[in-house]
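The structure displayed is predicted, hence computed values, not measured ones.
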Protein chains: 2
Amino acid sequence: MTGQRSITETEKLVQGRLGGIAIRHEQMAVVANIHRAAAAVRQHLENSVLRDVDLTWTGFVVLWVIWIWGESESRQVAEEAGISKGTLTGVSRTLVSRGLIARSEHAGDRRLVLLGLTSRGEELMRRVFPDFNAEEAFVAERLTPEECLTTADALRRIVRQVEEHGEERRLHLLGGARPAPRRSGRRPKA
Amino acid sequence: MTGQRSITETEKLVQGRLGGIAIRHEQMAVVANIHRAAAAVRQHLENSVLRDVDLTWTGFVVLWVIWIWGESESRQVAEEAGISKGTLTGVSRTLVSRGLIARSEHAGDRRLVLLGLTSRGEELMRRVFPDFNAEEAFVAERLTPEECLTTADALRRIVRQVEEHGEERRLHLLGGARPAPRRSGRRPKA
DNA sequence: CCTATTTTGTTTGGAGCCAAACGATATATC
DNA sequence: GATATATCGTTTGGCTCCAAACAAAATAGG
């Protein structure tokens, strides 16, 4: 820890706006920077490696999951890729149309859909992944490998916290009331 | 650093797929976890605090920026909020229609648009921000304040690296060729 | 002046994204 | 076996998001 503990410009302004109500500025700082970093990294990759091979970020992530884990059930791919199953339906449709993945039925359970790479998809990943990883290294250039690992670990703890206690927390916040309806989304037929 | 240096399951699988080509797994780990964490945090906040007041993540961020920095020019708001100016046009339209912000013209330069909070917007932020910050604290519960700061600092270095060297790097990668066209987006008239 | 060039915010087109509703299938309980 | 309940992937509706094209306005260089 090399200092940098002082309240930043932004935090002073926030304090001013709130008129003395205490805020947790360290936690505010991580959350804000997680999103800045995510956007910056994603944009860099979309505009370099992925643009060249005409893949979106999400498309790449889905391919990657299937590549690494082999032919898998839809729900697992969505879970691992961090997108909803509804989103996966659209993304996988695109990838199928481009000949990168193929759908097949599950023998025992006819509700399930299996997604696997085609040989074209496999070739693509073998070619693109090293370039992708080189850009990951580029964006993390100012961090030592050790710092990468400690940072990754800290982020993983945030993910776990939300995964393990998020729902419970949201229910607690509502205090028995039912959640506000979402602005967008499908409506009941009746 | 408490160890955890061993190659994880996923990384072993990646190595297998690549047949021995070296990859930078520490950097891969940060990048992957940045995105997991960003998605988890965003979803938690959208489904708790923001849902109740009918704000999207981006809508909240835009309001926040204007709240903290005061009435500002559009381009600055977009920059600070981390969204494109095109996106801001849509988001600010929504916020204006809900009476939370107001647009005004710049006296000296007629190209500019100023965005400022209405009193309704200001009230909302004073009420919502403490709750928002409480959830930031919740998601970061497994990190000490010091860990929050070091993590935030590491992420900031990633953002700076991309901001300061990203474009140059992308040009270098192209090696003189012009960038591939984007799949979506407006087409020339002719 | 007058013609580039630059800089603003807006429009546009295609894709992503989620939650809830939904239909089809599978499982549990009687 | 019927009937309820759970789970799968898909559809739907509304919003986010970006980059490039664009029009309007400002600035630069003669």
Side-chain angles (χ1 to χ4, degrees), chain A residues 35 38-39 42-47 50-51 54-62 72-79 81-95 97-98 103-106 108-115 170 178-190, chain B residues 38-39 42-44 46-47 50-51 54-62 72-79 81-95 97-98 103-106 108-115 170 178-190:
Chain A
H35 286 88
R42 181 172 172 154
Q43 238 155 295
H44 175 71
L45 277 153
E46 284 185 331
N47 286 331
L50 298 182
R51 197 80 164 275
D54 194 28
L55 282 178
T56 62
W57 174 271
T58 315
F60 176 80
V61 171
V62 167
S72 315
E73 299 167 14
S74 273
R75 60 189 164 146
Q76 295 169 334
V77 175
E79 162 75 18
I83 60 179
S84 71
K85 23 183 213 153
T87 301
L88 180 60
T89 298
V91 173
S92 65
R93 211 198 313 271
T94 305
L95 294 174
S97 81
R98 297 194 40 210
R103 297 165 51 102
S104 56
E105 302 177 358
H106 187 281
D109 189 334
R110 283 195 296 172
R111 291 170 305 177
L112 302 182
V113 171
L114 299 174
L115 300 176
R170 288 189 292 274
R178 66 197 138 143
R182 214 170 173 265
R183 179 163 282 277
S184 64
R186 193 164 175 171
R187 299 295 140 72
K189 199 191 288 184
Chain B
R42 181 172 173 153
Q43 238 155 294
H44 174 70
E46 284 186 330
N47 286 332
L50 298 182
R51 197 80 163 273
D54 194 27
L55 282 178
T56 62
W57 175 271
T58 314
F60 176 79
V61 171
V62 167
S72 315
E73 300 167 15
S74 274
R75 60 189 164 145
Q76 295 169 334
V77 175
E79 163 75 19
I83 60 179
S84 72
K85 26 184 211 153
T87 301
L88 179 59
T89 297
V91 173
S92 64
R93 212 199 312 273
T94 305
L95 295 174
S97 81
R98 296 193 42 207
R103 297 165 50 101
S104 56
E105 303 177 357
H106 187 280
D109 190 333
R110 284 196 295 173
R111 292 171 304 179
L112 302 181
V113 171
L114 299 174
L115 301 176
R170 289 190 292 274
R178 68 199 137 138
R182 215 170 172 266
R183 178 163 281 278
S184 65
R186 192 164 176 171
R187 298 296 139 72
K189 199 192 284 183

Notebook entry, point to check: Between D109(A) and N47(A), who's closer to the 5' end of DNA chain D by nearest nucleotide?
Noted result: D109(A)

Margin query: Whole angstroms only, please: what is the CD-P distance between E105(B) and dA24(D)?
Written below: 15 Å

Check: Which nucleotide in the set dA20(D), dT10(C), dG9(D) lies at the smallest distance from any side-chain heavy atom of R51(A)?
Finding: dA20(D)

Notebook entry, point to check: Closer to the 5' end of DNA chain D via nearest nucleotide, is it R75(A) or A39(A)?
Noted result: R75(A)

Margin query: Return whichever of G59(A) or E73(B) has its heavy-atom-nearest nucleotide of DNA chain C closer to the 5' end.
Written below: E73(B)

Checklist line | Nucleotide nearest T56(A) (side chain, heavy atoms from C-beta), chosen from dT10(D), dG16(C), dT16(D) | finding: dG16(C)

Note to self: Measuring from the side chain of R110(B) (C-beta onward, heavy atoms only), which nucleotide among dT16(D), dT11(C), dA25(D) has the closest atom?
What the structure shows: dA25(D)

Next item on the list: Could you tell me whether G108(A) contacts a base, only the sugar-phosphate backbone, or nothing, with contacts defined as non-hydrogen atoms closer than 4.0 Å?
Entry: sugar-phosphate

Notebook entry, point to check: Using a heavy-atom distance cut-off of less than 4.0 Å, which residues of residues 82-89 of chain B contact DNA chain D?
Noted result: G82(B), I83(B), S84(B), T87(B)

Checklist line | Among dG9(D), dT11(D), dA26(C), the one nearest S74(A) by side-chain distance | finding: dG9(D)

Next item on the list: Check every atom of dG9(C), dG16(C), dT16(D) against the side chain of L112(B) and return the nucleotide holding the closest atom.
Entry: dG9(C)

Item checked: R111(B) side chain, from C-beta outward: closest of dT8(C), dC8(D), dT11(D) -> dT8(C)

Item checked: Residue whose nearest DNA chain C nucleotide is more 5′ - R93(B) or Q43(B) -> R93(B)

